[in-house]
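Nothing here was measured: the structure is a model prediction, and the numbers come from that model.
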Amino acid sequence: MSITAIKGFNDLLPSESGLWQFIEQTARQVFARYGFNEIRVPIVEKTELFCRSIGDTTDIVEKEMYTFTDKGGSSLTLRPEGTASVMRALIEHKLYALDSINKLYYMGPMFRHERPQKGRYRQFHQIGAEVTGAADPLIDAQVLLMVSRLFKELGLTEPSLQINSLGCPVCRPAYREALVAFLAQRQDALCEDCRRRQTTNPLRALDCKVPGCVEATKGAPAMLEHLCPECDLHFSAVQNYLAVAEVPFSLNPRMVRGLDYYTRTTFELVTGLLGSQSAVAAGGRYDGLVEQLGGPAVPGIGFALGVERVALLLGDRNFDGTPDLFIAVLGDAARTAGFHLMAGLQDQGFWVETDCEGKSLKSQMRRADKLKARYSIVLGDTELTAGSGSVKCMGDGSQQAVNLTVAAITEILTGG
Ligand code: HAM
């Protein structure tokens with residue numbers, strides 16, 4: 001019996017990789033324009049890193065991490081997200097001391113043991129960006145501007161931006177208390193998870209999809225009504241800057257993120273096109289995280305998008321290139337001459353294909369058609385003797401006589 005991949009872990013097939021490369025390249029280009037540099041961090045970290053950053057009572061840490069004990073007896077975890085690792089690296093390499101502002105981006109696989117379905121996998125891929133060192137609301141707006149620019153350049157009008165503020169250690173405790181009191185009055189209507197988390201992580205009740213919880217939390221107090229004056233001012237400034245930059249957004253006072261490190265501005269880019277997996281990208285500010293992980297008091301904000309979800313939104317577009325030239329050959333001498341020409345043209349930067357199966361001329365031309373080659377040329381004894389042949393434009397069937405030299409063929413391929 002043949003061995004198959006693990007459930008929720010997918011192969012990226014050649015037919016899809018063009019689309020993924022387009023997404024990655026677009027992100028790299030946009031990030032560069034906003035001054036971001038790439039950071040590559042390991043896929044495996046000490047388990048404690050995620051417990052301390054994402055939070056012990058979150059779904060990710062409670063239920064979804066791929067944690068194992070290695071041969072040395074250490075508890076290690078396949079990273080469920082990128083922010084914690086990037087902040088660990090920032091602290092470990094004292095990047096904050098090299099520059100007061102650090103703008104970093106990353107891309108790669110993340111791992112969460114969730115129930116797989118369309119748009120939700122156990123190994124999935126994120127492209128994320130983080131800015132540390134600036135608490136100013138202008139940075140929040142800049143990150144959101146960059147995210148919206150990225151989606152524009154990907155050619156997506158969906159998804160739409162929703163923002164919220166989760167307050168700070170000054171105002172959140174009082175809000176939490178108000179919410180706990182509200183939930184206590186309705187606990188019979190709550191699901192088992194929400195009842196259990198009522199005091200440990202009460203905010204999650206606002207995000208629960210169980211119909212009973214949705215109904216019971218309808219009139220729940222909102223964080224936005226409990227912001228302290230500083231958080232209120234910060235959030236208003238973010239909205240003003242977004243208006244200045246003409247970034248459309250809507251407020252979602254019920255948005256609570258599934259990770260505990262957030263403070264103040266949080267956001268999600270949501271779509272109705274992917275069923276229950278509505279968040280295509282998400283992020284927010286995490287002003288206490290670096291300190292919480294043993295570093296200095298450096299504020300931060302960032303986001304990550306799900307590559308699989310963006311790819312689903314972009315759909316079946318063809319991002320594969322096509323060969324510039326197909327060289328069809330008849331006989332051994334032509335095969336050698338064709339190989340020589342092919343090598344020279346490839347050195348000039350062209351994509352050239354030729355027969356490597358000893359097929360008939362008819363099937364070689366069928367292959368040129370299948371590959372959608374722009375041009376083709378047939379080499380046989382007659383052409384070799386004459387030192388010339390004819391290049392055919394596969395689009396309109398027109399033919400041009402040409403000397404069998406790299407320079408002459410290059411001129412045709414470049415439209416000369
Ligand atoms: P997150 O909301 O957990 O945030 O994930 C960000 C994005 O990753 C989601 O919006 C979604 O597109 C994608 N995603 C998450 N889980 C899955 C899954 N199981 N299958 C497919 N796609 C998935 C974070 O991870 C934060 N680190 C974002 C951030 C960066 N906040 C600040 N900086």
Under a 3.5 Å distance rule, please check whether S363 uses its side chain to pair with a backbone N or O of R366 as donor and acceptor.
no

Determine, step by step, whether T83 and Y261 satisfy the side-chain hydrogen bond (donor to acceptor under 3.5 Å, both in side chains) criterion, reporting the C-alpha distance in whole Å, the side-chain angles of both residues, the deciding distance to 0.1 Å, and the verdict.
CA-CA 10 Å; T83 313; Y261 50 61; 3.2 Å; yes

List the steps and the verdict of side-chain hydrogen bond (donor to acceptor under 3.5 Å, both in side chains) for E153 and T26.
CA-CA 7 Å; E153 301 218 353; T26 306; over 6 Å; no

Compute whether any side-chain donor of one residue and acceptor of the other, for E130 and Y286, lie under 3.5 angstrom apart.
yes

Taking T266's backbone N and O only, do any of them form a donor-acceptor pair with R285's side chain (distance below 3.5 Å, no angle check)?
no

Tell me yes or no: between the side chains of Q348 and T410, is some donor less than 3.5 Å from an acceptor?
no

Will you find, in the side chains of H234 and D140, an N or O donor that is under 3.5 Å from an N or O acceptor?
yes

Go through the structure and list residues passing side-chain hydrogen bond (donor to acceptor under 3.5 Å, both in side chains) with E353, not counting sequence neighbours.
W351

Relative to each other, are the rings of F303 and F267 parallel, tilted or perpendicular (30° and 60° limits)?
tilted

Whether N102 side chain and L95 backbone form a donor-acceptor pair below 3.5 Å:
yes

Are Y105 and F31 close enough that their ring centers fall under 6.0 Å?
yes

Under a 3.5 Å distance rule, please check whether S74 uses its side chain to pair with a backbone N or O of D70 as donor and acceptor.
no

Please check if the side chain of E16 supplies one atom and the backbone of L13 the other of a donor-acceptor pair under 3.5 Å.
yes

Nearest-0.5 Å distance, CZ of residue R52 to CG of residue L289
10.0 Å

Donor-acceptor pair, K209 side chain versus D207 backbone, under 3.5 Å?
yes

May I ask you to check whether over 12 heavy atoms, not counting those of R257, lie within 6.0 Å of atom CZ?
yes

From CE (M223) to OG (S165), nearest 0.5 Å
6.5 Å

Does either side chain, that of S390 or that of Q399, offer a donor lying less than 3.5 Å from an acceptor on the other one?
yes

Under a plain distance cut-off of 3.5 Å, with no hydrogens placed, do T217 and R254 share a side-chain donor-acceptor pair?
yes

Check: V270 main-chain N/O paired with S278 side-chain donor or acceptor under 3.5 Å
no

Any donor-acceptor N/O pair, R122 side chain to H113 backbone, under 3.5 Å:
no

Output the distance between atom SG (C171) and atom CG (L224), rounded to the nearest 0.5 Å.
10.0 Å

Would you compute the distance between atom CZ of R79 and atom OH of Y106 and round it to the nearest 0.5 angstrom?
9.0 Å

State whether the side chain of R374 and the backbone N or O of L413 hold a donor-acceptor pair below 3.5 Å, judged by distance alone.
yes

Stepwise side-chain hydrogen bond (donor to acceptor under 3.5 Å, both in side chains) check, S398 with D396
CA-CA 6 Å; S398 63; D396 60 15; 2.8 Å; yes

Calculate, to the nearest 0.5 Å, the distance between atoms OG1 and CD1 belonging to T354 and I377 respectively.
10.5 Å

Any luck finding a side-chain donor-acceptor pair between T67 and T77 under 3.5 Å?
yes

Backbone N/O of R120 and side chain of R115: donor-acceptor pair under 3.5 Å
no

In terms of side-chain heavy atoms, does T57 have a donor or acceptor partner in T200 at a distance below 3.5 Å?
no

